[in-house]
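Below is one structure, written out as structure tokens; comments come after it.
So you know, we letter chains A, B, ... as the sequences are listed, proteins then strands, and number each from 1. Reckoned from all heavy atoms, side chains included, excluding hydrogens, waters and symmetry mates.
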Protein chains: 4
Amino acid sequence: MNRGRPRSEEARQAILKTALEMCMRDGYPQLTIKALADEAGVGRQTVYRWWDEKSAIVVEALIDLRERELPERFQETGDTLVDVEQLLATTYELTHEYTGKALVGLMADAQSDAGLSDRLQETVIGPRRDALRDILGHGVETGQLRENVPLPLVVDFAFGTMWYRMLSRHAPVDRELARDITDAIAIMLAV
Amino acid sequence: MNRGRPRSEEARQAILKTALEMCMRDGYPQLTIKALADEAGVGRQTVYRWWDEKSAIVVEALIDLRERELPERFQETGDTLVDVEQLLATTYELTHEYTGKALVGLMADAQSDAGLSDRLQETVIGPRRDALRDILGHGVETGQLRENVPLPLVVDFAFGTMWYRMLSRHAPVDRELARDITDAIAIMLAV
Amino acid sequence: MNRGRPRSEEARQAILKTALEMCMRDGYPQLTIKALADEAGVGRQTVYRWWDEKSAIVVEALIDLRERELPERFQETGDTLVDVEQLLATTYELTHEYTGKALVGLMADAQSDAGLSDRLQETVIGPRRDALRDILGHGVETGQLRENVPLPLVVDFAFGTMWYRMLSRHAPVDRELARDITDAIAIMLAV
Amino acid sequence: MNRGRPRSEEARQAILKTALEMCMRDGYPQLTIKALADEAGVGRQTVYRWWDEKSAIVVEALIDLRERELPERFQETGDTLVDVEQLLATTYELTHEYTGKALVGLMADAQSDAGLSDRLQETVIGPRRDALRDILGHGVETGQLRENVPLPLVVDFAFGTMWYRMLSRHAPVDRELARDITDAIAIMLAV
DNA sequence: CCGTAATCGAGACGGTACGTCAAGTCTTATA
DNA sequence: TATAAGACTTGACGTACCGTCTCGATTACGG
């Protein structure tokens with residue numbers, strides 16, 4: 001049976017919230033477990049008891065954030081190009097403002113951590129790709145877009161540009177980019 | 001007038017070579033100054049004398065590699081689409097095989113290091129973009145490609161997809177991608 | 001209220017014991033924090049957490065030793081000359097055999113460290129001087145020694161000779177010296 | 001035959017002078033070869049070419065100083081007690097003001113360097129002892145002092161007190177001490 | 001309502017890499 | 001050949017964080 005003191009939800013929230021804040025403020029590499037525990041007002045052991053490594057903390061924090069933020073920002077309309085632009089605008093904004101540094105750090109860590117790579121694929125990369133692809137696929141089905149175009153490459157275009165700009169900062173990641181990409185997709189997929 | 005013992009070119013080469021090797025083998029975060037010095041058979045102080053931080057070492061190593069490898073792999077033909085595919089194929093291969101992990105690590109570090117970000121822009125990101133844009137621009141000038149298409153976005157497409165795939169590993173970065181991207185560009189820029 | 005994991009008395013003892021051993025064996029200058037930590041089987045940080053500098057470690061080790069060794073070796077008899085000789089013999093032996101190199105090193109360090117100088121005065125030099133002076137003073141009070149002799153200079157004689165010989169090694173510091181010095185004091189202070 | 005550039009006497013003097021200055025100013029342990037060479041405006045190799053270790057430099061500097069200073073400060077009179085006091089006063093002053101820190105440092109180093117210990121005995125400790133002993137011996141011969149007193153112990157008294165006070169700083173080493181010690185010797189050796 | 005047991009914050013533990021400093025050696029051009 | 005300059009390898013310095021441990025104090029549940 002359940003015995004002993006139950007896990008403190010308060011501590012969990014404080015850790016996740018502080019982790020994201022520190023990522024945004026100082027950058028992912030500067031987020032250390034020690035600093036995180038201190039700033040969250042939590043014992044270091046409490047962190048290690050529930051998470052193996054700092055990437056796991058940040059991933060969980062990102063999922064929590066997504067579940068809170070995405071639904072209330074994005075509603076499909078059925079008009080493919082409108083939905084695409086809306087999805088991209090929402091994704092770009094959320095990623096750029098709140099989770100950019102954290103995600104780049106996670107991706108970098110994943111380069112030498114296959115498990116983390118898979119987890120990111122399942123929880124962050126994949127769902128986003130699926131969402132965009134579903135919209136585009138629906139557009140093809142309803143005749144709004146033409147067939148015989150490799151949709152994965154179109155998805156790569158939309159998200160690849162975002163990542164590329166976030167990494168190299170040669171151009172902004174904003175609402176205007178969402179429109180430009182949508183326009184380009186419209187041309188490529190014009191019936 | 002007296003200039004003292006000259007810098008050891010041997011040590012410099014050993015450090016740069018070892019740095020790239022360790023990046024490829026173990027990953028950028030696992031490349032520590034101590035391990036690098038030990039494996040290069042060099043005093044730790046010799047590393048610190050010439051470079052401020054490990055990112056500077058890796059950047060210099062990448063530049064050296066590029067100067068050695070790029071010229072002998074890529075020759076322009078004048079046929080825009082051929083040149084584009086050749087440039088992308090060469091860039092994809094070199095980046096994916098030799099410098100991928102190093103570049104991802106550098107980009108991640110650059111998220112919280114403006115100086116490094118600028119240096120990467122000047123030495124790695126910018127030149128690549130310029131090379132592709134020049135080829136595309138020449139294609140427009142010679143009438144091989146149509147006008148009125150935002151070339152920067154096309155460049156984002158080509159390199160963004162590469163970065164996106166290198167980061168998330170959802171699809172390969174290879175010669176086939178170079179052909180697919182070139183095909184897509186051909187469609188977007190068909191006269 | 002919560003005080004965390006308590007300090008490890010085991011580690012403390014290992015550090016102090018090893019410090020004295022290394023001083024005796026290798027000499028005070030050769031006692032490095034790193035070597036001390038390694039030989040004591042202790043993390044380096046554990047040393048730095050509790051002591052500012054190596055002199056502080058050695059001083060504490062000397063105090064601990066003195067508290068263990070002195071009481072069981074020296075008991076006053078009331079006969080001034082006997083007590084003097086016994087105190088000197090004990091001090092000479094303990095100093096020469098166990099703590100000589102350590103004390104000389106500390107004294108040398110104290111030349112450019114006023115704080116250390118004061119601490120040595122309080123914990124090592126002063127108490128020794130007081131002990132001898134008390135015995136001599138008692139001898140004067142009880143009429144065993146004559147008055148009107150500057151006792152501090154007599155104390156300087158007894159301990160100065162010890163230090164001088166320990167430093168320059170031109171003659172031994174042993175039981176015979178204790179007798180010779182006591183004889184000389186007997187002549188100087190004969191009633 | 002002699003070939004090549006001759007040794008620079010200028011450099012030698014600069015090194016010895018600077019070594020003593022730095023000892024007095026910063027203390028013997030703070031005198032590093034690097035800092036010495038820099039402050040003397042001399043190449044580091046020039047130091048290592050002529051001296052094995054820093055103690056050798058300081059010993060040579062002390063000998064040079066003694067040869068310059070002692071003769072012009074001390075002239076024997078034939079009156080034993082006057083000569084004793086004059087010798088002690090001169091020695092105390094010179095040692096305390098100019099060479100104290102250097103000598104303490106050397107003595108400390110000599111604790112784990114038998115060669116240095118011997119060299120100090122020959123060049124610094126021994127000659128001083130001999131000088132005082134000669135004066136006392138002459139006093140005995142001429143009947144100014146009584147026989148049957150162990151002169152070495154008297155010498156230990158005079159110089160031991162000086163060292164003891166220099167080390168522990170519990171009392172000054174000055175002209176007054178020279179008089180007090182001379183008075184005590186006068187009592188001990190009264191005919 | 002009392003004991004058992006898992007949690008909590010705190011902080012010491014043995015490690016490892018950091019970036020700095022000086023050691024003693026070497027290699028250059030100049031004198 | 002000696003010199004000033006300064007790069008070389010080496011190793012200790014003192015610091016920061018790692019991941020583990022041990023403490024008293026805090027909460028739940030089951031007997």
Side-chain angles (χ1 to χ4, degrees), chain A residues 1-8 10-12 30-38 40-50 52-54, chain B residues 1-12 30-38 40-54, chain C residues 1-12 30-38 40-54, chain D residues 2-12 30-38 40-50 52-54:
Chain A
M1 309 300 159
N2 272 339
R3 297 272 232 125
R5 179 174 178 173
R7 175 174 185 182
S8 161
E10 191 183 1
R12 178 178 171 274
Q30 281 68 46
L31 170 67
T32 67
I33 302 282
K34 184 184 192 305
L36 169 60
D38 289 350
V42 140
R44 204 130 41 98
Q45 194 56 252
T46 301
V47 179
Y48 284 113
R49 188 176 296 117
W50 302 108
D52 283 346
E53 37 189 14
K54 78 168 176 175
Chain B
M1 225 166 281
N2 290 337
R3 299 190 323 282
R5 178 175 176 174
R7 175 174 184 181
S8 162
E9 183 60 22
E10 192 182 0
R12 179 180 171 273
Q30 281 68 46
L31 170 67
T32 66
I33 302 279
K34 184 185 193 305
L36 169 60
D38 289 350
V42 140
R44 204 140 41 101
Q45 192 57 248
T46 299
V47 179
Y48 285 113
R49 187 176 296 115
W50 301 108
W51 294 278
D52 283 346
E53 37 189 14
K54 76 169 176 176
Chain C
M1 223 167 281
N2 293 335
R3 299 189 325 283
R5 178 175 176 173
R7 175 173 185 181
S8 161
E9 183 60 22
E10 192 182 1
R12 179 178 171 273
Q30 282 67 47
L31 171 66
T32 67
I33 303 280
K34 184 186 193 306
L36 169 59
D38 288 350
V42 139
R44 204 137 42 97
Q45 193 58 248
T46 299
V47 179
Y48 286 114
R49 187 176 297 116
W50 301 108
W51 294 278
D52 282 347
E53 37 189 15
K54 76 169 175 176
Chain D
N2 273 340
R3 300 268 233 122
R5 180 175 177 174
R7 176 175 184 182
S8 160
E9 181 61 22
E10 190 183 2
R12 178 178 172 274
Q30 282 67 46
L31 170 66
T32 66
I33 303 281
K34 185 183 192 305
L36 169 60
D38 288 351
V42 140
R44 204 132 38 101
Q45 194 56 250
T46 302
V47 179
Y48 284 112
R49 198 190 321 279
W50 303 106
D52 282 347
E53 36 188 15
K54 77 168 176 176

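As a whole-Å value, the separation of Asp38(C) CG from dG11(F) C1' is 12 Å. In this structure, CG of Leu36(A) is placed 16 Å from C1' of dA16(F), rounded to the nearest angstrom. Atoms CD (Gln30(C)) and P (dG11(F)) sit 16 Å apart, rounded to a whole Å. Atom-to-atom, CD of Glu9(C) to C1' of dA12(E) comes out at 14 Å; the value is rounded to the nearest Å. Between the CZ atom of Arg7(A) and the P atom of dG9(E) there is a distance of 11 Å, rounded to whole Å. Atom CH2 of Trp50(A) is separated from atom P of dG9(E) by 12 Å (rounded to the nearest Å). Atom CD in Glu53(D) sits roughly 16 Å away from atom C1' in dA22(E) (whole-Å rounding). Following rounding to the nearest Å, Asp52(A) (CG) and dG19(F) (P) show an atom-to-atom distance of 10 Å.
The structure places CG of Leu36(B) at 10.0 Å from NZ of Lys54(B), a figure rounded to the nearest 0.5 Å. Separation of atoms CD (Glu53(B)) and CD1 (Ile33(B)) is listed at 9.0 Å; rounding is to 0.5 Å.
Annotation: side-chain contact (heavy atoms from CB on, under 4.5 Å) contacts of Arg49(A) (sequence neighbours excluded): Gln45(A), Thr46(A). For Arg12(B), the salt bridge (charged side-chain N to carboxylate O under 4.0 Å, His left out) partners two or more places apart in sequence, or in a different chain, are Glu9(B), Glu60(B), Asp64(B). In this structure, Arg5(B) has no side-chain contact (heavy atoms from CB on, under 4.5 Å) partners at least two apart in sequence or on a different chain. Under the side-chain contact (heavy atoms from CB on, under 4.5 Å) criterion, Glu10(A) pairs with Ser8(A), sequence neighbours left out.
Both Ile33(C) and Arg49(C) lie close to DNA chain F; mapped to their nearest nucleotides by heavy-atom distance, the more 5′-ward contact belongs to Ile33(C). Mapping Lys34(B) and Ala11(C) onto DNA chain E by nearest heavy atom places Ala11(C) closer to the 5' end of the strand. Judged by closest nucleotide on DNA chain F, Gly43(B) is the one of Gly43(B) and Ala35(A) placed further toward the 5' end.
The residue Thr46(B) sits close to a base: some heavy atom pair falls under 4.0 Å.
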Atom pairs, N/O to N/O, protein against nucleotides 20-22 of chain F, distance under 3.5 Å?
| residue | atom | partner | partner atom | Å |
| --- | --- | --- | --- | --- |
| dC21(F) | O2 | Arg5(C) | NH1 | 3.2 |
| dC21(F) | N4 | Gln45(A) | NE2 | 2.3 |

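The end-to-end axis angle of the helix from dC1(E)-dG31(F) to dA31(E)-dT1(F), rounded to 10 degrees and based on five pairs per end, is 10°.
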